[in-house]
Each structure stands twice: as structure tokens, then as C-alpha cells.
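Data first, discussion second: the structure below is written as C-alpha cells.
Here the structure is a predicted model, which is why all the values come from computation and not from measurement. Proteins come first, then strands; the chains are lettered A, B, ... in the order of their sequence lines, and each starts at number 1.
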Amino acid sequence: MNNGLDSKIPGGPLEKKWSKHKFDSKLINPANRRKYEIVIVGSGLAGGAAAATLGELGYRVKCFCYQDSPRRAHSIAAQGGINAAKNYQNDGDSVFRLFYDTIKGGDFRSREANVYRLAEVSANIIDQCVAQGVPFAREYGGLLANRSFGGAQVSRTFYARGQTGQQLLLGVYAALSKQIAAGNVRMHPRTEMLDLVLVDGHAKGIVTRDMVTGEIASHAGDAVLLATGGYGNVFYLSTNAKGCNVTATYRAHKKGAYFANPCFTQIHPTCIPVTGEYQSKLTLMSESLRNDGRVWAPKAKGDKRPPAQIPEEERDYYLERKYPSFGNLAPRDISSRAAKEACDDGRGVGPGGLGVYLDFADAIKRLSEPVIRERYGNLFDMYHKITSEDAYKTPMRIYPAVHYTMGGLWVDYNLMSNVPGLHVLGEANFSDHGANRLGASALMQGLADGYFVIPATIGNYLATQTGKRPPPDHAEFKKAEEDVLARIKKLLNINGKRTVDSFHRELGLLMWDKCGMARNDAGLKEALNRIKEIREEFWVNVKAPGANEELNQALEKAGRVADFLEFGELMCLDALDRKESCGGHFREEHQTPDGEALRDDENFAYVSAWERTDGTPVQHKEPLVFENVHLAQRSYK
Amino acid sequence: MNFKLRVWRQENPKSEGRFANYEAPDIPSDASFLEMLDIVNEGLILKGDSPIAFDHDCREGICGMCSLVINGTPHGPEKATTTCQLYMRHFRDGQTIHIEPFRAKAFPVIRDLVVNRAAFDRIQQAGGFITARAGSAPDGNAVPIAKPAADLAMDAAACIGCGACVAACPNSSAMLFVGAKVSHLGLLPQGQPERMRRVLNMVKTMDNEGFGNCTNHYECEAVCPAEISVAFIARMNRDYAIASVRESVE
């Protein structure tokens, strides 16, 4: 009943699978590695780490990113930290506990074997980063410091002030720079992948556009790795960078790669609320703030008093009330929904009533302002810049915002998609976070995939591919180049009356409304119709000025939004199919009497993998088998 | 709010640039500087003009992609702020705002306000790393690092690589950028084996890329969004002097 989806999970006991698999996998001997050309798209934690590591191993690597330098990939914006089962705190952590927390946090919609491997290599990641000079926070004794994060009762999160993603990415970038200097990696910045090329059914290269000159070029390889991040910008407003897009993975999907669980999106509970229509993006306030901040809303509806005038007994610390054992560190999906609930109930604060408070008064009283400043200074500064409010004096206002996408291209245990040769890493794949990702786990997964998983698994594919790399003037490349150019010409020639951004905003609002924090049958069906209408209008009425042969940011956006306009439909379709609530996917028809997500393990314990042939989406199901954890209703009470 | 803009327009690296005047009417005071430019660009596109090209990505002050010299100051008038984190409420209603690209010989203009900062990548490639092969690292706690050293390394590592230091310097020097990287890695025990080679190679590449020298204006520190201290330049110069002497002796 797996419709040809073979997850290739090795046999044997959970804790032995990865070692056994590594031993069973074929190797490429060092002298032969230089004969293989690996194409990597994306230079964040996953792509950059893979490029650096494969380069170091001796493969010939070509790496592509749309930014002007690999150091700018959006991994850089992750604030809070990276999880690892080091148990340096002696507080009861273990590989199995990190595995269990991640499976439970993902609401039992991820693969056991993948998640266990992630937990297993997590400790190596910290060692690797320390060796590279990542300046993690330390205690006075010189040892590594830890903090707590949502969904866990141990302190296993390593951090570098509020800039952990930046420091980890700079570590990756440094390793990558060394390989570029050594000639093992050729870096192509300001270059966008616009199509995947298959030869004899195998992914053997990509077609790119040079974003400065407009040149369309083909790059052939023995394998293609996509590490292109998530699709959160389908909502227009998100915490993603402006350039983040679904194009690489969606183009691959159109060439046959299955897209898994597209409806699993993460809405992060602590972001700065939206202020106006002109707004171009949302800014996250790290989840680590919930270590010391207390979340509350007024008890009374429509209470417009300033927070300082609302007495203690008229405040509802709703997370502490509803989830006493996890309190303010309840997982993201649950915290987000609780905020929405308070606001839907008319108890929201700030302009438009779409906000709740994150209050540090108690922590400042307990620990002093300098301590709080040392822990979160840069976050408080950032909040001040955006809102001109001083969070040391008055509580922050926060509201949930789109942050991460658990869905992505379907991959097997080797991180290879159903298209042979096409590997997918980091946020771009679907494999490890189920229906909800825990805080500080994205950095962990990106680096695990790039430093440790793909270097061990890619050899197995390559060993069967000797001599099969096509020349970049192969007919399939020529055809893909023609298709790419034709699409660009089409976009430029529409010359309609609406800007790309106006379509993107319209799509985003619709997705947020119908396929955001809460979804229902009627809303999703309505969205499916509306997306078609928006897309039809886009292709006759969008205005992308200028030419291809120049730096043309409007054209870049047009191509990406055109893909979002198709992808949004797939998301709604998947959300409609999943008639249960789990993790970030909350179907209003399926909830417990007290408003918690109601999973249906009998009917929906599967990965939903969508195939697209001739424009019609076809669903495949990979059943999820749990042999090591007991399926239970997720409770953080 | 309403603004008058004087914006540098340049079609490509070879063409001659010029200032063009634009009106920016009805801008919300809570809009960021880049959102203000988004609004202006929407108007330009609908009028059939070419929108103003500018670099940006994360829009939360960390990726280092955004640039711009605003009324003569890289990243504009607010201290420790990137252009993307600059809000229009910091300007006067009716004010004229001059917007130019970062200017330096080593940062050629690509188009309008977009410049090529690949020279920074090449400096990094010359030695801005600690060699650590994946799989060969000792336990993270094997070498304790005193908190003050770790904190100072983090201060240096906070550099976002935007290049404002170069744009602000009368000599277009990149020494704050290079000093920060040399110090970050040189302060840590893991960075010692490559410390001398690193500083020599990075400084040499910096010179070859056409960046100028430091003559202690401290304009770089004044505009740095990450508040990198010029003390790191002094640290780099010390390392460089020691490394040069050792190189000549050995």
C-alpha cells in the first residue's frame, strides 16, 4: 500500500540502523571521488555544509545561491539555538529522549528511523561547530552553556547569544570558503535554479539564470542536491527572507519529484504583530524568550488599558493555566493556537487586537535587568527598532506568524527523492519534523543532513552511476533551457496592470485566512477556487517590466510568485485530504472538547506524497510505522 | 509622511550613473526604509518606469545583504542599525533623502544601488576559517574556553559582512571587516594553528582587492550595524606584525 514509495529504512533495532546502514552503503574510493560532479542548490546550513564536506572528501562540487554571497542564506536569521543530546547538564537527556521529544513534538507524523538518526548525530554537530570556532555561549568555568526550548523538559539547546543561526552559518561559510579556495567547490552566487534536468529518469543537472546578466546556463552533474529551504513565503508575510521561494523544489516536483505533506506549516507564536498593509515581512522574537517571559492576555474582553494598569488578578497567563507542566514553553503549534484563541475571544491587545503580551517584569525582578540584557539584549534592541517600545519597561506584544515549513520534497532514508539522483536536504525535505517542528531543531537538521548524512549516503547512489554524467549540451538540457527562456519571455510580455507584489499579497492573505492557523473543509474548497482565479488573472494581467538580459528583480519575483500560485493549490489540496488535526495542521472539524488537536491515527498515520503528472496531482501514501514509541494524544498539561 | 528622494540610477557597471528625483507620498511612519522604496517601486512599475534596484533579503538586520548610503551615511542616521531596520519615523515629514550605493573601488556598482561585494568573499577564502574536517572533531567540552575570551570572540564574530565600514571609510579600508574575522578566530584556542598564516593571507588579499589602509578615522565603527570595535583592527595589526617578523625569521 506504499504505491512504490520505498523509504529504504534499514532493518534491525532503532539504535543500530544508522551504523549498520553506513556499513552496508557503497563507498567511492578517494581517488575516484574527483571524477564525480555534484550540483548543490542552496548554501545555507544544509547546502553549505554539504558543499564544504563533499568538497573536503574530494568530490567536485558546484554550489549555487541567489544571494550575493553564501554567507547570507536565511539560516543566518535563526536566533535561539541548536539542540543536541549531549546531556552536559546531567538533567536526564539522552539520544532517545531527544528522539522521543522530536517525534512527540511532531505529533507522530515523522519517521522514527530518520528522527533517531538526527538525535544520534546531534552531538557530533556541536563538536564540529566548536572545532570550527563557532563562539557558543559558555559558563564561567569555560564549559558550553545551555538553555531550554519549547517542547522539552531538559536544557539541551546550545546558543550564541540571539544569533545562533548566524554563527553556525558563518562556520559553514568558513568551511565552504576553504573548499572554494582549494578549488574543490565552484561557487555561483546571484544565480537562480529555474529547472531540474532529467536524463534517462535520473536527475543529472539544472538550468540556471545568472541574476546579473540574465544568462541561461546548464550545469550537468552526477547527482543534484536541493537545499533550498522552505516555502513559507507562499503566505507573502512570513519570517522568511524576501528571496525565499519554492521554485527549485516546485520545478523538481513538476519533473516528477513527490511533494510530501505540503500542508504542514509552522506558525511561530512569538513574532512582532502586523502593523500595516505596506508591511513586507514579519520579524520573529526568539522562542528562547519564553524561558523568562510570561505570556498573557487580559481576562476581560476589549480591555484597552495599558498593560501596566491591568492588575495581576485581571491577567490570564493562559499557557501557564492550560499547560501547567510545560507552561510558557509549550510547543509552537500549541502556543500559537492559544494566542489565536485569546484574540478570537476579543482579548487581543494592540492595534487591531491581534496580539498578546510577553512580559519580562517577573524575570527582571528575579534576575535583574543586566542579566536579562545579557541573555536577550539584541532581541530587545530589535524589538525596540521595529516598534519603538522598550520591552524592559513594558511587555512585548507578540502574535503568531508563518515561520517554517515541515513539508517538502519526499525523501528516503538516504535523503534521495523518488527521482534517482535528486537528493533533498534541510528544510526543503519533509523528513524529520512531522507535523510540527520543535524549537532549535531546524539548525540541527540542516547541519545533520549536510555534515553527516549526505556525505555517508551519496556514495551509494554514485557508485552505480560511473560514466553516466551527460554533457551540458545534451538535448535534455537544451530543451530545458528553451522552456525556461520561453517562460521568462511570456512573463515579460504580459505587460498587464498589476504588480507582482499585489498578486503575491492577495495569495498570501488568502492562504493565511484559509490555510493558516486553522483550516476547514469549506474554507479550503473556497481557497482552491480562488487560487485558480488569481493565477488566471496573473498570467494575463501581471506587469513585469524590463528585459531578461539585465539585473531584473521584478522578473525574479514574477517567476517565483508564478510557482507559489500553483504550489498554494497543492497545499490546500493536502490540507483538505488530511481530515484530522495534528501539529501545525488544525482542522476545525477535528478537535477535542477542550479545543486541542484531535489526531486520527487509524486513518491518517501516513506521509502524503503528491505526484504531479500532466498537471493533475495524484496522492501516494507512505504509512508511518511506530515500533519504538507509543502513539498517544500529545499532552503538555 | 511625504518625502522627496534623490536616488542614484545606473543601468549597468559600465554606464554612467546619475541622480534621479522621485516623490514618495503617503508613506506610513511605521514603514521601514526598504518598505518605503517598495512603495515607490510599485508606483514606478505601474507607470512603466524601471523600478530602483537595491539589495536586501532577510529584512531583520542579520544577513548583511542590504546596503545604501542614506544622506551621506551608510545604513542611514540611526546608530547600530541596518537599512532594513531603519524606520521612516526617524525622518522629518517633507525631508529630501539622498540614496546612493556603497561606494568603493573594490565594490563596483552592478545596477542602481546594487554593488558587488565579492571581494569580501575572496578575503574570507584566503584564510578566514579554522580547518576542521567533519567527523574529526573532539568533544565540544574537551577544551574549556574562558567566558571573557568566548564573549570577546563573539563580539568580533557578530560582523554581518555588509561592507558599511568600507563605504564609510575615506580610504575605503576593509580593516574593520578583516580585523573582526582575524580576531574572532584568533581569540579561540581552535584558531591558533592557522593564526599567523591566516592574518598574513587575509591582509594580503585585502590589499590586492584594492581596499585602502586604516588611518584611524573610526568612521567604520561609527556606522557598523553590529557595533564591531576598532580595537579589533589594533589586534589584527599586532598579529600581522608578529606574523610578518616570524615569517622573515623562519
Requested in this report: Applying salt bridge (Lys or Arg N to Asp or Glu O under 4.0 Å), run through B:E209 and B:R122 and close with a yes or a no.
Outcome: CA-CA 9 Å; B:E209 290 289 346; B:R122 290 188 290 268; 2.6 Å; yes
Among [options], which has the most heavy-atom pairs under 4.5 Å with chain A?
{"options": "B:H90, B:H56, B:R111", "answer": "B:R111"}
{"options": "B:L185, B:I160, B:N116", "answer": "B:I160"}
{"options": "B:S50, B:G64, B:P13, B:A149", "answer": "B:G64"}
{"options": "B:S136, B:G140, B:P144, B:A137", "answer": "B:G140"}

Query raised in the report: Can we say A:K385 and A:D381 salt-bridge, meaning some charged N sits less than 4.0 Å from an Asp/Glu carboxylate O?
Result: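 No salt bridge links A:K385 with A:D381.
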With no hydrogens and no angle check, just 3.5 Å: does a side-chain donor-acceptor pair link [X] and [Y]?
{"X": "B:R9", "Y": "B:Y22", "answer": "yes"}
{"X": "B:D121", "Y": "A:S69", "answer": "yes"}
{"X": "A:T213", "Y": "A:E549", "answer": "no"}
{"X": "B:Q10", "Y": "B:S15", "answer": "no"}

Query raised in the report: Does a sphere of radius 6.0 Å around CD in A:E389 hold more than 12 heavy atoms from other residues, nucleotides or ligands, not counting ones at 6.0 Å or beyond?
Result: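 Yes, enclosed.
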Considering only heavy atoms and a distance below 4.5 Å, find which of [options] pairs most often with chain B.
{"options": "A:K86, A:Q67, A:R161", "result": "A:R161"}
{"options": "A:A182, A:G546, A:P455, A:S280", "result": "A:S280"}
{"options": "A:Y173, A:F158, A:F452, A:Y451", "result": "A:Y173"}
{"options": "A:A84, A:P135, A:A77", "result": "A:P135"}
{"options": "A:E277, A:Q179, A:Q163, A:Q167", "result": "A:Q167"}
{"options": "A:P189, A:G141, A:S177, A:C244", "result": "A:S177"}

Answer with side chain, backbone, both or neither: which region of [X] has an atom nearer than 4.5 Å to a non-hydrogen atom of chain B?
{"X": "A:N124", "answer": "neither"}
{"X": "A:T387", "answer": "backbone"}
{"X": "A:Q553", "answer": "side chain"}

Report task. Let me see the working for B:D38 and B:R59 under salt bridge (Lys or Arg N to Asp or Glu O under 4.0 Å), right down to the final yes or no. Result -> CA-CA 12 Å; B:D38 289 342; B:R59 296 206 178 190; 2.8 Å; yes
Interface moiety of [X] toward chain A, non-hydrogen atoms closer than 4.5 Å:
{"X": "B:E60", "value": "both"}
{"X": "B:V143", "value": "backbone"}
{"X": "B:A146", "value": "backbone"}
{"X": "B:N201", "value": "neither"}

**Report entry** A:R190 NZ/CZ over A:Y66 ring centroid, <6.0 Å and within 45° of normal
**Finding:**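 No - A:R190 does not lie over the ring of A:Y66 by the 6.0 Å and 45° rule.
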**Report entry** Main-chain N/O of A:A241 paired to A:K281 side chain as donor or acceptor, under 3.5 Å
**Finding:**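 Side chain of A:K281 to backbone of A:A241, a donor-acceptor pair under 3.5 Å: no, none is there.
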